[in-house]
Structure formats: C-alpha cells, structure tokens
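A short worksheet on the structure shown next.
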Amino acid sequence: MLGSAVTVAIVLLAVLVVVVLTMTVKIVPQARAGIVERFGKYRTTLSAGLNIVVPFIDKVRYKIDLREQVVSFPPQPVITEDNLVVSIDTVIYFQVTDAVAATYEIANYIQAIEQLTMTTLRNIIGGMTLEHALTSRDQINSGLRGELDGATGRWGIRVNRVELKGIDPPPSIIDAMEQQMRAERNKRAAILTAEGDRQSAILTAEGEKQSSILTAEGDRQAAILRAQADRQAAILRAQGEAQAIEAVFQAIHDGNPDQKLLSYQYLQMLPKIAEGEGSTVWVIPAELTEALGTIGGAIGKIPVDGGGSKKRVDLDEPVVDESSSQTSAAVEEALEAAKEAEAPGLGSPEK
C-alpha cells in the first residue's frame with residue numbers, strides 16, 4: 001500500500017511539474033506578440049521566442065499577428081455626384097504596429113476598418129462624377145489611404161495600401177457608355193478615312209500636274225525638233241533646186257540655143273499645157289512656121305553665142321550638201337536642249 005501511494009504521489013508531482021512548466025514557459029512565434037494579463041489587468045507584451053511568466057497568476061490573453069494583412073470587403077453601393085449608383089469593392093493592406101493598442105483601444109479592428117472604409121469611400125466618390133471616378137482610381141486610392149491611416153493610427157494599425165477592385169456602374173449606364181465609345185470610334189474612323197481620301201486626291205492631282213508638265217515639255221521639244229527638221233529640209237531642197245537651175249542654165253549657155261531649139265521646146269510643151277483641166281479646146285494656126293516666127297520675134301532674137309560660161313557641168317556628179325555639218329550641229333543642239341529640259345541639271349558638261 002505504501003509503495004502504491006508513493007507511486008501515485010510521484011506521478012501527481014510529475015504532472016504538476018509539467019503543468020507548471022507549461023504555464024511558465026511560453027513560446028511566441030516570429031512576427032507575433034503575446035498580451036499578458038495579471039488578474040485581468042495588462043502586465044506585459046511577450047516578444048517572439050522563449051518567454052517566462054508566473055504560473056497561475058499571469059495569463060497570455062491574446063496573440064496578435066504583426067504581419068501585413070490583406071482584407072477584402074464586399075461590394076458596397078455608392079452614389080456619385082451625378083446621382084448614379086455604382087458598386088465598389090475594395091482591398092485593404094494593413095499591419096498592426098502596436099499590439100497593446102490593437103487589443104485594448106478597439107474591440108474588432110477588422111470590422112472598424114471595413115466601416116471606416118465604406119464611409120470614407122462614400123465621401124470621396126460622392127464628390128465625383130461617374131466619368132471622373134472611373135478615370136481617377138489613383139486619386140481615390142491615395143485619398144482613402146490617407147483617411148484610413150489617420151483614423152487607425154490610434155488603434156495601433158498602419159494602413160499601407162488601398163486598392164479598388166472594381167467600380168461597376170448600372171447596366172443601363174454601361175450600355176450608354178458602350179454606345180458612346182462606338183460612336184467616338186466611328187467618328188475617328190470617318191475622320192481618318194476622309195483624311196486618307198484627301199491625301200490621295202492631293203497626290204493624284206500632283207501626279208497629273210507633273211504628267212501634264214512633262215507632256216507639254218515633250219510636245220514643245222518635239223515641235224522644236226520638227227521645226228528644225230523642216231527648216232533643214234527646206235534649206236536642202238532650196239539648195240538642190242538652186243544647183244539644178246544652175247546646171248540647166250549652164251547647159252543652155254554651153255549649148256548655144258537658137259530660135260529653132262526654142263520652137264522645138266514650145267512644141268514639146270504644148271501637150272503638157274493641154275493637160276490642164278481648163279484647157280479643153282486648142283486652135284493651132286495653119287501657118288505654123290509663121291506662128292513660130294511671130295513667137296520668136298516677140299521673144300527676141302537669141303544670139304548664136306549667148307556669151308555664157310563655157311564650164312562644163314558634170315550631171316552625174318553627186319550634189320554636195322554644204323550645210324550638212326551645220327544641219328547636224330543644229331540637230332545636236334536641239335537634242336541637247338530637249339534633254340536639258342527633261343532633266344534639268346543633267347545636261348552635257350562644259351567642254
């Protein structure tokens with residue numbers, strides 16, 4: 001019996017020691033803080049690591065998380081300045097900086113932050129139109145963070161960041177905004193199309209202008225070349241006729257023509273004269289000899305020796321074109337002028 005009692009006592013003592021050690025030694029994880037109360041009153045704050053408290057007297061009432069926390073609040077209806085109801089949901093990033101204040105200054109700091117966020121958001125959005133609110137998220141975020149950080153400072157909480165997850169207008173407003181966007185894009189598309197047509201018309205007109213100028217310049221150069229060619233041709237024809245007449249008269253003077261030769265040539269010309277359309281009837285005198293004599297008397301007596309040049313003319317000799325070099329030079333000058341007009345600045349270099 002005595003041995004059994006001793007064994008039980010030892011077991012109870014061991015259990016008591018374990019309980020006392022458990023209540024005395026407190027291990028606080030990293031980035032946590034433990035609030036210790038003695039008889040219901042705040043005594044101290046336990047930091048991360050191994051801590052010793054008085055058993056049965058001190059009690060770790062709360063453990064506060066000191067890490068940055070993220071809380072998302074459900075969408076809340078907010079009325080804008082232009083009396084439109086929009087639904088806004090927010091995300092708050094905060095961190096407990098004073099565990100004692102977060103424990104004793106506020107009963108539920110999460111709920112307090114949510115309500116403070118909603119009221120502050122209504123005040124900010126209520127002074128903005130819907131279009132301004134949709135395009136000013138950064139301004140809303142910074143303003144909301146400033147208001148929350150100022151109000152939660154005395155609770156030992158620092159608001160690091162505030163983000164608006166979404167601003168949802170009513171469906172009718174969304175449809176109107178989509179129609180407005182489509183109209184704006186159609187307007188810009190029409191403007192771009194008109195601008196493109198305008199540029200195309202300008203370029204087309206400019207091309208036609210340049211084409212007309214080049215065509216007119218080409219016609220002018222062609223007319224100049226044709227005129228030069230006609231001029232040279234006329235000169236060559238006149239020179240050829242002059243040389244032919246000179247050869248004929250030289251032959252006449254060398255042949256010493258008399259009245260009989262003139263009469264013979266007259267007779268040779270009668271058929272040609274009769275070939276005219278107006279010469280239908282010809283009367284030839286009976287006394288042809290007297291008629292020829294009369295013609296010879298009217299023309300005058302042709303001396304036996306006309307006194308012309310005795311130089312013989314070789315009729316088989318080719319006609320020498322004395323102005324061929326001048327003509328070629330004029331044609332070359334006209335061609336050079338045409339090339340200079342077609343490509344200004346690209347003419348032949350000076351010799």
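None of these values were measured; they are calculated from a predicted model.
When the shell of 6.0 Å around CD of E184 is examined, it contains more than 12 heavy atoms from other residues, nucleotides or ligands. Other residues, nucleotides and ligands place more than 12 heavy atoms under 6.0 Å from the CD atom of Q199. At most 12 heavy atoms of other shown residues, nucleotides or ligands fall within 6.0 angstrom of atom CZ in R161. Counting non-hydrogen atoms of other residues, nucleotides and ligands closer than 6.0 Å to NZ of K59 gives a total of 12 or fewer.
Annotation for M128 and T80: closest pair O-CB, 3.4 Å, computed over non-hydrogen atoms.
Cluster note: V85 groups with I79 through ILVMFWY side-chain heavy atoms spaced under 4.5 Å, whether in direct contact or through intervening members. Summarising the hydrophobic clusters (Ile, Leu, Val, Met, Phe, Trp, Tyr; side-chain heavy atoms under 4.5 Å, direct or chained), the residues clustered with V53 are V28, V36, L46, V60.
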Review item, side-chain donor-acceptor pairs of residues 107-118, under 3.5 Å, at least two apart:
residue: N108; atom: OD1; partner: I110; partner atom: N; Å: 3.3
residue: N108; atom: OD1; partner: Q111; partner atom: N; Å: 3.4
residue: T117; atom: OG1; partner: I113; partner atom: O; Å: 2.6

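With T204 contributing its side chain and S200 its backbone, the two residues share a donor-acceptor pair below 3.5 Å. Side-chain N or O atoms of T129 include one that pairs as donor or acceptor with a backbone N or O of H132 at under 3.5 Å. No donor-acceptor pair closer than 3.5 Å links the side chain of S211 to the backbone N or O of G207. One N or O on the side chain of D58 and one on the backbone of V54 form a donor-acceptor pair closer than 3.5 Å. Remark: the backbone N or O of S87 is not paired with any side-chain donor or acceptor of D89 at under 3.5 angstrom. Judged purely by atom type and a 3.5 angstrom limit, R158 has no side-chain atom pairing as donor or acceptor with the backbone of D149. Between the side chain of Q95 and the backbone N or O of L66 there is at least one donor-acceptor pair closer than 3.5 Å.
Side-chain contact between E178 and R182 is present, with heavy atoms from C-beta onward closer than 4.5 Å. Within the 4.5 Å cutoff, the side chain of T90 has no heavy atoms near those of the Q76 side chain. Within the 4.5 Å cutoff, no side-chain heavy atoms of P75 are placed close to those of D168. Counting heavy atoms from C-beta on, the side chains of I35 and T45 come closer than 4.5 Å. With a 4.5 Å cut-off on side-chain heavy atoms, R61 and Y42 do not count as touching. Proximity of V91 to V70: side-chain heavy atoms (C-beta onward) are separated by under 4.5 Å at one or more points.
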